Visitor: 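There's a structure below that I have some questions on.
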Number of protein chains: 2
Amino acid sequence: MSEVDIFKALADPTRRAVFERLADGEKNATELREGFSLSQPAMSQHLAVLRSAGLVAEQKSGRHVHYRVNPDGLAQLHQWLHRYRAFWPQRVDELKQLLKEMDQ
Amino acid sequence: MSEVDIFKALADPTRRAVFERLADGEKNATELREGFSLSQPAMSQHLAVLRSAGLVAEQKSGRHVHYRVNPDGLAQLHQWLHRYRAFWPQRVDELKQLLKEMDQ
DNA sequence: GACTCACATAAGTCTATGCTTATGTATTGG
DNA sequence: CCAATACATAAGCATAGACTTATGTGAGTC
């Protein structure tokens, strides 16, 4: 698991959508396919990428594999972003100001 | 500029390194090449990707082009991450606990 | 005005990646 | 125990992406 892997994993729109679905709650690979027009191997490969990036965790239960969000990946991402914190408070303030102005 | 573009832009190690150098301070394309073993067009293309992702901003000055971190991109990333905030406070607490244990 | 410098853009190549179909491997139900 | 289910893995293909060399463009220099 590294930052590169995390960014690469999230660079794919399908994987980002899968991750978002997992954020709603634990699901197995078959449930995750619902709504997507993807072959079963494609989903399996996407999950492998997310897993090796530390973004999701798996738990085998019989012949099902339950996937859930792994906070480790998000923590890594959060830590990376935090290095550049100096750049966004200013921006946040600007947004706050903008919202204040829009309210009037 | 979209989340996909941002993640894609940051998925490349070279672009992440370029971004990190820009975080240290505004630089032009030639200065950015120092230390990298990249052709000039390669750097130019990387900067184009970072620019279209909203991660850096350019400012032309004579025949030089000065690049700097654009907070907009980081703000987008921060906003994306914030959607999953529910997952990381728990993790942060775990890390704090771990650090506390390591101190002893 | 020719020349150089600091870039951007074009075109071509090679590798990475996302997809497919085909197959392998546990697990479970009849 | 045999078929079906729920996956993972393999192999092949087609597109995307990162790089190169070559060329274009506009701004400073002499």
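Below, read A as the first sequence line, B as the second, and so on, with proteins coming before strands; counting in each chain starts at 1. The shown structure was predicted, so the numbers you read here are calculated from the model rather than taken from an experiment.
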Visitor: Which label fits A/Phe19 and B/Trp80: parallel for a plane angle under 30°, tilted from 30 to 60°, or perpendicular past 60°?
Guide: parallel
Visitor: Rounded off to whole Å, could you give me the CZ-to-P distance for the A/Arg33 and D/dC7 pair?
Guide: 10 Å
Visitor: Is any side-chain heavy atom of A/His46 closer than 4.5 Å to one of A/Leu38?
Guide: yes
Visitor: Map B/Glu31 and A/Arg63 onto DNA chain C by nearest heavy atom, then report which one ends up closer to the 5' terminus.
Guide: B/Glu31
Visitor: Round to a whole Å and report the spacing from NE2 of B/His64 to C1' of C/dT4.
Guide: 12 Å
Visitor: Report yes or no: does A/Asp12 contribute a side-chain atom to a donor-acceptor pair with the main-chain N or O of A/Arg15 at less than 3.5 Å?
Guide: yes
Visitor: Calculate the interatomic distance between A/Tyr67 atom OH and D/dA6 atom P; express it in whole Å.
Guide: 14 Å
Visitor: Specify the separation, in whole Å, of atom NZ of A/Lys60 and atom C1' of C/dA26.
Guide: 9 Å
Visitor: Between B/Arg51 and C/dC7, is there a contact of a side-chain N or O with OP1 or OP2 at under 4.0 Å?
Guide: no
Visitor: Whole angstrom is fine here: how far is it from CG in B/Leu47 over to P in D/dC19?
Guide: 12 Å
Visitor: If we only count heavy atoms from C-beta on, is the A/Arg51 to A/Glu58 side-chain gap below 4.5 Å?
Guide: yes
Visitor: Checking all strands, does A/Thr30 fall into the base, sugar-phosphate, or nothing category for heavy-atom contacts under 4.0 angstrom?
Guide: sugar-phosphate
Visitor: Anything under 3.5 Å between a protein N or O and an N or O of nucleotides 15-21 of chain C, put it in a table, one pair a line.
Guide:
{"from": "C/dT17", "atom 1": "OP1", "to": "A/Lys8", "atom 2": "NZ", "distance (Å)": "3.1"}
{"from": "C/dG18", "atom 1": "OP1", "to": "A/Arg15", "atom 2": "NH2", "distance (Å)": "3.2"}
{"from": "C/dG18", "atom 1": "OP2", "to": "A/Arg15", "atom 2": "NH1", "distance (Å)": "3.2"}
{"from": "C/dG18", "atom 1": "OP2", "to": "A/Arg15", "atom 2": "NH2", "distance (Å)": "3.3"}
{"from": "C/dC19", "atom 1": "OP2", "to": "A/His46", "atom 2": "NE2", "distance (Å)": "2.2"}
{"from": "C/dT20", "atom 1": "OP2", "to": "A/Ser39", "atom 2": "N", "distance (Å)": "3.3"}
{"from": "C/dT20", "atom 1": "OP2", "to": "A/Ser39", "atom 2": "OG", "distance (Å)": "2.7"}
{"from": "C/dT20", "atom 1": "O4", "to": "A/Gln45", "atom 2": "NE2", "distance (Å)": "3.0"}

Visitor: Should B/Tyr67 and B/Leu47 count as side-chain neighbours, where that means a heavy-atom distance under 4.5 Å?
Guide: yes
Visitor: So, does B/Asn28 get its side chain near the phosphate of C/dC7, meaning an N or O under 4.0 Å from OP1 or OP2?
Guide: yes
Visitor: According to the salt bridge (charged side-chain N to carboxylate O under 4.0 Å, His left out) rule, which pairs have a member within residues 31-47 of chain B, sequence neighbours left out?
Guide: none
Visitor: Distance check needed: D/dG17 P versus B/Leu50 CG, whole Å only.
Guide: 14 Å
Visitor: Is there side-chain contact between A/Leu10 and A/Leu77, with heavy atoms separated by less than 4.5 Å?
Guide: yes
Visitor: From CD of B/Glu34 over to C1' of C/dA6, roughly how many Å is that when rounded to an integer?
Guide: 14 Å
